Asks: 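This is the structure, below, for whatever I ask next.
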Amino acid sequence: MTRFIHLTDIHVSHPDAGDPSANVAGNAAMLEQVVGIINAMDRQPDFVVASGDLTNMGDPASYGLIKDILTPLAAPLVLALGNHDKREGFHQVFDGSASDAPYFHDAVHAGLHVITLDTLVPGHVAGTICDAQFDYLAQALTRHAELPKLIVMHHPPRIDDAGLPWGSIDMDSTNRLADMLRGQRVAAILSGHIHINQVTQWHGIPIVVSMGLNSTVDLLETRDLRLIEGRTIGMCDWRDSGLTVSFVPLTPQARELGVIDRARLLAFT
C-alpha cells in the first residue's frame, strides 16, 4: 500500500505582504500545525502533495514563509501552482531563478508515477493546460509504463458543459486531457481550487478535490458563493484494487464525545 497526503489551497500570506484578505491570517499557523500532524503519524506517508494556491498573493516573502514551514516535513513533497500563485515569485524562492515559466514535472514516489501540471492562467480564476504541457504529458505517459499514474493539477477537469467555467480548466483542455488519458492506468487526479471535499468519477478516473486549508463553500447556498469555516487534509491510500480517500477534518475543532478502546472494538468482530 502507498499512502500519501493531499494538501491544497493553503493561501499563506507573509505578515508583511499587505494582504487585505482577513480570512488568511491564521493560515501559516494552520500549515505549521498540519506539518506537525503529518510528522507525528504512526504510519508515515510516502509523500505529500500540495496541489496549488500555495500563497494568497504570489509574493516572494510569502513563498519564503511557506518554504520555511514545509521544510521540516519528513516525507517527500510534490508542489503544484494554482490561480493565486505567481510563477515569478515561486521560482525566485524555490529554484533561485527569474523564470515566469509554467511549473510542471514528474517523478516516481513509492510505486506511483506522479505527473504534475501547471493550470495557472495569470490574471484569471479558471485554468487551462498549454500546448507545451500536453506535449510534456504525452512524453511522461510513456515513461514508467509499469506504474500507475497520479496526476496533480490545481484546477480539475470540467465535467460537462453545465459545469462552472471558473471552477475548472476549459472544455477544450478537458476534452484533450480525456483523450490523452484514455487507456492509461490513472490512480487519480488530485485537484483543489473549488474549496470542497469531492470525489468524482470522470471517464473511470477518480478526480479527488479537497477543500484545503483556508475555507470551504456552503453547498446548500445555490445563489451566491458563501464561504464558511472548514479545513481538511486528504489521507489517500493506493492499493492494486484502487484508491481510498479519507478527508481528515481540522476545523471546526472536534469535541470528543467518547472513546471505544481497541480491545472492545476487536471483541465486536
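Computed from a predicted model, the values in this text were never measured in an experiment. Reckoned from all heavy atoms, side chains included, excluding hydrogens, waters and symmetry mates.
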Asks: Just wondering, do Ile66 and Val93 contact through their side chains at under 4.5 Å, heavy atoms?
Replies: no

Asks: State yes or no: do Leu70 and Val48 share one hydrophobic cluster built from I, L, V, M, F, W and Y residues joined by side-chain heavy-atom distances below 4.5 Å, directly or via other members?
Replies: yes

Asks: Out of curiosity, Glu88 CD to Ser97 OG, how far, rounded to the nearest 0.5 Å?
Replies: 10.0 Å

Asks: Report yes or no: does His154 contribute a side-chain atom to a donor-acceptor pair with the main-chain N or O of Ser51 at less than 3.5 Å?
Replies: yes

Asks: Measuring only between side-chain heavy atoms, which start at C-beta, is Asp53 closer than 4.5 Å to Ile10?
Replies: no

Asks: Does one hydrophobic cluster hold both Leu54 and Leu250, with members joined at side-chain heavy-atom distances below 4.5 Å?
Replies: yes

Asks: Taking the side chain as every heavy atom from C-beta outward, state whether Arg231 and Asn27 have any atom pair closer than 4.5 Å.
Replies: yes

Asks: Please walk me through it: do Thr244 and Asp237 pass side chain to side chain donor-acceptor pair (under 3.5 Å)?
Replies: CA-CA 5 Å; Thr244 299; Asp237 292 326; 5.9 Å; no

Asks: Please report the interatomic distance CG(Asp85) to CG(Asp118), rounded to the nearest 0.5 Å.
Replies: 8.5 Å

Asks: Do Leu213 and Val34 pass the side chain to side chain contact (heavy atoms under 4.5 Å, CB included) test, and can you show the C-alpha distance, the side-chain angles, and the key distance before you say yes or no?
Replies: CA-CA 9 Å; Leu213 299 183; Val34 167; 4.0 Å; yes

Asks: Determine, using the 4.5 Å side-chain heavy-atom cutoff (strictly less than), whether Val114 and Leu137 are members of one ILVMFWY cluster.
Replies: no

Asks: Could Arg176 and Asp131 be called an ion pair, given the rule that one side-chain N must be under 4.0 Å from one carboxylate O?
Replies: yes

Asks: Ring centroid separation for Tyr103 and His105, is it under 6.0 angstrom?
Replies: yes

Asks: Could you check whether any side-chain N or O of Thr174 sits under 3.5 Å from a backbone N or O of Asp170, counting only pairs where one atom can act as donor and the other as acceptor?
Replies: yes

Asks: Measuring from atom CD1 of Ile205 to atom CZ of Arg182, what distance do you get when rounded to the nearest 0.5 angstrom?
Replies: 9.0 Å

Asks: Determine whether Trp166 and His193 make a side-chain contact, defined as any pair of heavy atoms from C-beta on separated by less than 4.5 Å.
Replies: yes

Asks: Give a yes or no on this: more than 12 heavy atoms of other residues, nucleotides or ligands lie within 6.0 Å of atom CZ of Arg262.
Replies: no

Asks: Which heavy atom of Gly111 sits nearest a heavy atom of Leu147, and at what distance?
Replies: O-CD2, 3.6 Å

Asks: Taking the side chain as every heavy atom from C-beta outward, state whether Trp238 and Val245 have any pair of such atoms under 4.5 Å apart.
Replies: no

Asks: Describe, in one word, how the ring planes of Phe94 and Phe90 are oriented to each other, choosing from parallel (under 30°), tilted (30 to 60°) and perpendicular (over 60°).
Replies: parallel

Asks: Could you tell me if the side chain of Leu243 sits less than 4.5 Å from the side chain of Val199, heavy atoms only?
Replies: no

Asks: Here's one to test your reading of the geometry: is the NZ or CZ of Arg143 within 45 degrees of the ring axis of Tyr136 and under 6.0 Å from its centre?
Replies: yes

Asks: Test side chain to side chain donor-acceptor pair (under 3.5 Å) on Ser210 and Thr8; report intermediate values, then the result.
Replies: CA-CA 7 Å; Ser210 171; Thr8 195; over 6 Å; no

Asks: Should Ile189 and Ile169 be counted in the same cluster of Ile, Leu, Val, Met, Phe, Trp and Tyr side chains packed under 4.5 Å apart?
Replies: yes

Asks: I'd like to know if the side chain of Lys149 reaches the main chain of His144, judged simply by a donor and an acceptor atom lying under 3.5 Å from each other, with no hydrogens or angles considered.
Replies: yes

Asks: So which heavy atom on Ala80 is nearest to which on Thr116, and how close?
Replies: CB-CG2, 3.6 Å

Asks: Are the side chain of Gln133 and the backbone N or O of Thr119 linked by a donor-acceptor pair below 3.5 Å?
Replies: no

Asks: Show the numbers, then the answer: is there a side chain to side chain contact (heavy atoms under 4.5 Å, CB included) between Leu150 and His113?
Replies: CA-CA 6 Å; Leu150 179 67; His113 182 199; over 6 Å; no

Asks: Decide whether Met41 and Met1 are clustered together by the hydrophobic rule: side chain heavy atoms of Ile, Leu, Val, Met, Phe, Trp, Tyr closer than 4.5 Å, transitively.
Replies: no

Asks: Verify whether one side chain among Thr232 and Asn197 offers a donor that lies under 3.5 Å from an acceptor in the other.
Replies: yes

Asks: Can you give me the closest heavy-atom contact between Ala188 and Val208, atom names plus distance?
Replies: CB-CG2, 4.3 Å

Asks: Specify the closest pair of heavy atoms between Trp202 and Arg158, including all atoms of both residues, with the distance to one decimal.
Replies: NE1-O, 4.4 Å

Asks: Does the side chain to side chain donor-acceptor pair (under 3.5 Å) test come out yes or no for Asp100 and His91, once each step is laid out?
Replies: CA-CA 7 Å; Asp100 63 354; His91 283 296; over 6 Å; no

Asks: Rounded to the nearest 0.5 Å, what separates atom CG in Leu219 from atom CZ in Arg226?
Replies: 11.5 Å

Asks: Quick one: closest heavy-atom pair of Ser62 and Ser13, and the distance?
Replies: OG-CA, 3.4 Å

Asks: Could you check if a side-chain atom of Ile129 sits within less than 4.5 angstrom of a side-chain atom of Phe104, using non-hydrogen atoms only?
Replies: no

Asks: Pair Asp46, Thr2 - check side chain to side chain contact (heavy atoms under 4.5 Å, CB included), show working.
Replies: CA-CA 6 Å; Asp46 295 292; Thr2 299; 3.7 Å; yes

Asks: To the nearest 0.5 angstrom, please state how far the NE2 atom of His155 sits from the CG atom of Leu117.
Replies: 12.5 Å

Asks: Can you find a heavy atom in the side chain of Ile194 that is under 4.5 Å from one in the side chain of Met211?
Replies: no

Asks: Test His124 against Asn83 for side chain to side chain donor-acceptor pair (under 3.5 Å), laying out the working first.
Replies: CA-CA 7 Å; His124 292 262; Asn83 56 291; over 6 Å; no

Asks: Is a donor from one side chain sitting under 3.5 angstrom from an acceptor on the other, for Ser173 and Thr128?
Replies: yes

Asks: Using 0.5 Å steps for rounding, measure from the NE2 atom of His195 to the OG atom of Ser215.
Replies: 5.0 Å

Asks: Quick check against the 3.5 Å criterion: does Ser191 have a side-chain atom that pairs as donor or acceptor with the backbone of Met153?
Replies: yes

Asks: Do side-chain atoms of Gln44 reach the backbone of Asn39 as a donor and acceptor pair under 3.5 angstrom?
Replies: yes

Asks: Answer with yes or no whether the side chains of Ser21 and Asn23 bring together a donor and an acceptor at under 3.5 Å.
Replies: no

Asks: Quiz question: by atom type and distance under 3.5 Å, do the side chains of His14 and Asp59 form a donor-acceptor pair?
Replies: no

Asks: Apply side chain to side chain contact (heavy atoms under 4.5 Å, CB included) to the pair Glu221 and Arg223, showing each step before the final yes or no.
Replies: CA-CA 6 Å; Glu221 171 55 65; Arg223 176 182 170 86; 3.3 Å; yes

Asks: Taking atom types as modelled, find out whether Asn214 and His11 have a side-chain donor-acceptor pair closer than 3.5 angstrom.
Replies: no

Asks: I need the minimum non-hydrogen distance between Ile69 and Ala28, along with the two atoms involved.
Replies: CD1-O, 3.7 Å

